[in-house]
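Step one of this worksheet: look at the structure below.
Just so we're clear, the structure is a prediction, and the values are computed from it rather than from any experiment.
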Amino acid sequence: MMTRMTRTLGDERKTAGSRAAVLFLAAGLLCVLSIFRPDPKPPLAIAIGLAAAAFAMAAALHFLPWDRWHPRALLIVVPIAYTVIYLFDTFIGTNPYAYSISFILISIWIGLAQPQYTSLFLSPLTIAAYLLPLMAPGHSSDEVSSVWFMAPVCVVIGELVARAVTEFNKSRSELNTRAKMLSILIRGARSMNTLDTDKVLEGSMDSLIELGFDGAAFNLINEDGQTFRTFTARNLPTDYEQPLHPLTYGITGIVYSNLEPLIIDDYANHPAAVPAIKSAGFVVFVGVPVWAEDKVIGVLLAGRKNKKRISSHDREALERLAAQASGALMNARKFENERRTAQHHAESSMRDPLTGLGNRRQIDATLAKLLPNDAVLMIDLDRFKSVNDTDGHAAGDVLLAKLGGFLKEQMRAEDSAGRYGGEEFLIVLKAIGDDALSAAERIAQAWRDTKPRTTMSIGVAVHRFGAAAEDTVKCADAALYEAKHTGRDRVCEAAK
């Protein structure tokens with residue numbers, strides 16, 4: 001930013017030099033034209049010499065590296081211009097109107113090129129330059145007396161122009177500042193145009209750093225109204241980024257209680273200053289509440305390590321950024337809640353409510369991904385009907401629920417189990433290959449060890465390359481049929 005400002009000032013100085021060059025170019029042209037005017041004609045050599053000097057000065061003023069020099073270096077133009085007026089009036093001659101206009105033009109240039117009060121400061125030189133040619137013979141007393149009118153006019157014109165330029169530069173600076181702020185906010189809004197909470201908050205941090213702050217944090221108030229957590233932070237001490245703080249820690253609680261922004265110009269001496277942040281060198285700090293549905297849900301913090309005060313533009317940018325973050329955050333939260341709800345519904349639709357295992361839909365989805373060396377186990381409770389007939393369906397449901405919990409304990413993380421129908425269950429053991437039979441026998445024995453109301457029979461089939469999943473299920477079902485009709489409470493494997 002400093003480089004851009006320096007470049008802008010240098011451009012303004014070059015522009016001022018070019019404007020002065022135009023004045024000298026006009027003077028040179030007048031010298032040339034004076035050769036062709038009616039009597040009295042100036043001596044040709046003098047007219048050409050003055051014209052050449054004026055053109056040379058115009059070229060020099062245009063090409064000199066004014067951007068490398070101090071702005072006050074341009075003041076050298078003023079005495080040179082007054083000298084040209086003196087020489088022109090002495091050797092070529094001017095009428096009173098042209099003479100006065102020359103000084104007015106120089107005053108306008110001073111106002112354009114120099115700060116306010118420069119014309120007032122140069123007024124003694126202007127009066128002397130104005131009077132000197134008029135003291136020569138051939139000028140009337142009225143011309144001499146006109147200095148008392150022209151001197152104030154030149155000063156007033158120069159100051160009015162300088163003031164207008166100052167106000168223009170202030171307005172331009174104001175517009176540039178607002179344009180930069182809006183540009184940052186627009187980029188921030190784009191970066192926060194996401195349904196990912198983390199990206200929303202990271203986008204707000206990026207915008208704060210780009211706005212010229214050295215550190216920032218986004219603190220979210222917890223539902224208890226007594227604590228907050230630093231959801232994300234940038235360039236702040238690590239101990240401040242701990243997950244949970246009481247609302248008495250730092251300025252977050254003050255902003256939350258007062259429901260309005262808090263600006264601290266001397267952070268080190270503020271009673272709510274956090275020692276770690278103070279030790280990190282932060283001087284200026286500001287906190288802005290983040291609203292959602294008429295409630296403060298968080299506080300946006302930003303700080304500087306220099307003494308640059310928080311301007312009205314900074315506060316406006318922070319409030320707008322907080323509003324953007326609030327909207328984006330609520331959208332992200334709403335989306336995440338809807339996604340969790342949809343995921344819950346999706347999982348519920350794939351889940352058997354009694355046993356907690358997958359239902360037939362989940363089994364079909366699992367079988368569609370069956371790979372060679374995966375094993376399919378068909379399980380059936382022996383004489384389950386007798387439980388329902390003896391103790392009622394409620395007892396049967398208890399037994400099925402118990403089996404569901406048991407099978408969950410027996411499976412590895414990569415395996416899956418589901419209720420195939422009634423008292424039949426299907427298990428897929430991933431990549432188990434020829435160990436499937438022994439795994440099924442361990443499951444049967446573990447079920448016996450629970451002293452269940454009924455035993456189980458298991459049919460095992462290993463999925464082979466090139467086979468269809470439904471064929472493997474049929475093989476497991478055939479093996480189960482064999483187990484049931486050869487004594488129950490046993491495990492049979494399909495022929496390989």
Residue pairs fulfilling salt bridge (charged side-chain N to carboxylate O under 4.0 Å, His left out) with at least one residue in residues 139-168, sequence neighbours excluded: none
Show the nearest heavy-atom pair for residues L367 and A469, with the distance to one decimal. O-CB, 3.4 Å
Would you say that F218 contacts L220 through its side chain, given a criterion of any heavy-atom pair below 4.5 Å between the two side chains? yes
From the options T126, L122, I85, select the one residue that forms a side chain to side chain contact (heavy atoms under 4.5 Å, CB included) with I106. I85
How about Y99 and F103: are their ring centroids closer than 6.0 Å? yes
Name all residues meeting the side-chain hydrogen bond (donor to acceptor under 3.5 Å, both in side chains) criterion together with D224; count only those two or more places apart in sequence or in a different chain, and write none if there are none. T227
Heavy-atom neighbours of Y86 OH exceed 12 at 6.0 Å: no
List the atom of V147, the atom of P152, and the distance in Å for their closest heavy-atom pair. O-CD, 3.9 Å
Please name the pair of heavy atoms, one in V84 and one in A27, separated by the smallest distance, quoted to 0.1 Å. CG1-CB, 4.2 Å
According to salt bridge (Lys or Arg N to Asp or Glu O under 4.0 Å), who are the partners of R304, at least two apart in sequence or on a separate chain? D314
For F282 and N235, which heavy atoms make the closest approach, and how far apart are they? CZ-O, 3.7 Å
Can you confirm if the aromatic rings of F285 and Y267 lie within a centre distance of less than 6.0 Å? yes
Measure from the side-chain N and O atoms of S34 to the backbone N and O of C31, and report whether any donor-acceptor pair falls under 3.5 Å. yes
Minimal non-hydrogen separation, P133 against D89, with atom names: CB-OD2, 3.5 Å
If you round to the nearest 0.5 Å, how far is CD of Q116 from OG1 of T166? 4.0 Å
Pairing residues for D415 by the salt bridge (Lys or Arg N to Asp or Glu O under 4.0 Å) criterion, not counting sequence neighbours: R412
Side-chain touch R19/L23, heavy atoms, less than 4.5 angstrom: no
How long is the straight-line distance from OG1 of T366 back to CG of L370, given to the nearest 0.5 Å? 9.0 Å
Under the side chain to side chain contact (heavy atoms under 4.5 Å, CB included) criterion, do W291 and I297 qualify, and how do the steps go? CA-CA 6 Å; W291 293 84; I297 62 169; over 6 Å; no
Taking side chain as C-beta onward, heavy atoms only, is V284 less than 4.5 Å from I264? no
Pairwise distance CG(L371) to NE2(H463) - rounded to 0.5 angstrom: 7.0 Å
Distance-only criterion, 3.5 Å: show the donor-acceptor pairs between side-chain atoms of residues 250-263 and protein atoms not counting sequence neighbours.
residue	atom	partner	partner atom	Å
T252	OG1	N219	ND2	2.9
S257	OG	G253	O	2.9
N258	ND2	I254	O	3.4

Enter the distance from D214:CG to R234:CZ here, rounded to the nearest 0.5 Å. 13.0 Å
May I ask you to test the P246-F228 pair for a side-chain heavy-atom distance under 4.5 Å? no
Counting C-beta onward and ignoring hydrogens, is there a side-chain heavy-atom pair between R72 and Q114 closer than 4.5 Å? yes
Gap separating the CG atom of L74 from the CD atom of E12, nearest 0.5 angstrom: 11.0 Å
Spacing of OG belonging to S146 relative to OH belonging to Y130, to within rounding of 0.5 Å: 2.5 Å
For the pair E223 and K295, find out whether any cationic side-chain nitrogen is under 4.0 Å from an anionic carboxylate oxygen. yes
Whether the T355 and D352 side chains hold a donor-acceptor pair (N or O, under 3.5 Å, no angle test) is what I'd like checked. yes
Check whether any side-chain heavy atom of L61 lies under 4.5 Å from a side-chain heavy atom of S18, and answer yes or no. no
Taking the side chain as every heavy atom from C-beta outward, state whether F55 and L29 have any pair of such atoms under 4.5 Å apart. yes
Using the six-membered ring wherever Trp is involved, compare the ring planes of Y249 and H245 and label them parallel, tilted or perpendicular (cut-offs 30° and 60°). parallel
With the side chain counted from C-beta on, respond yes when V299 and V288 share a heavy-atom pair under 4.5 Å apart, and no when they do not. no
Backbone N/O of G356 and side chain of R351: donor-acceptor pair under 3.5 Å: yes
Could you walk me through whether T230 and L236 pass side chain to side chain contact (heavy atoms under 4.5 Å, CB included), step by step? CA-CA 11 Å; T230 302; L236 293 182; over 6 Å; no
Any pair with a residue in residues 105-128 that passes ring-ring contact (aromatic ring centres under 6.0 Å, His included), sequence neighbours left out, goes on the list, sorted by first then second residue, please. none
Give the intermediate values and the outcome of side chain to side chain contact (heavy atoms under 4.5 Å, CB included) for residues L247 and I221. CA-CA 8 Å; L247 270 177; I221 310 298; 3.8 Å; yes
Salt bridge flag under 4.0 Å for residues K430 and D374: yes
What are the two closest heavy atoms between I110 and S119, and how far apart are they? CG2-OG, 3.5 Å
Let's go through I104 and M150 carefully: what are the C-alpha distance in whole Å and the side-chain angles of both, what is the deciding distance for side chain to side chain contact (heavy atoms under 4.5 Å, CB included) to 0.1 Å, and is it a yes or a no? CA-CA 8 Å; I104 291 174; M150 285 304 303; 3.7 Å; yes
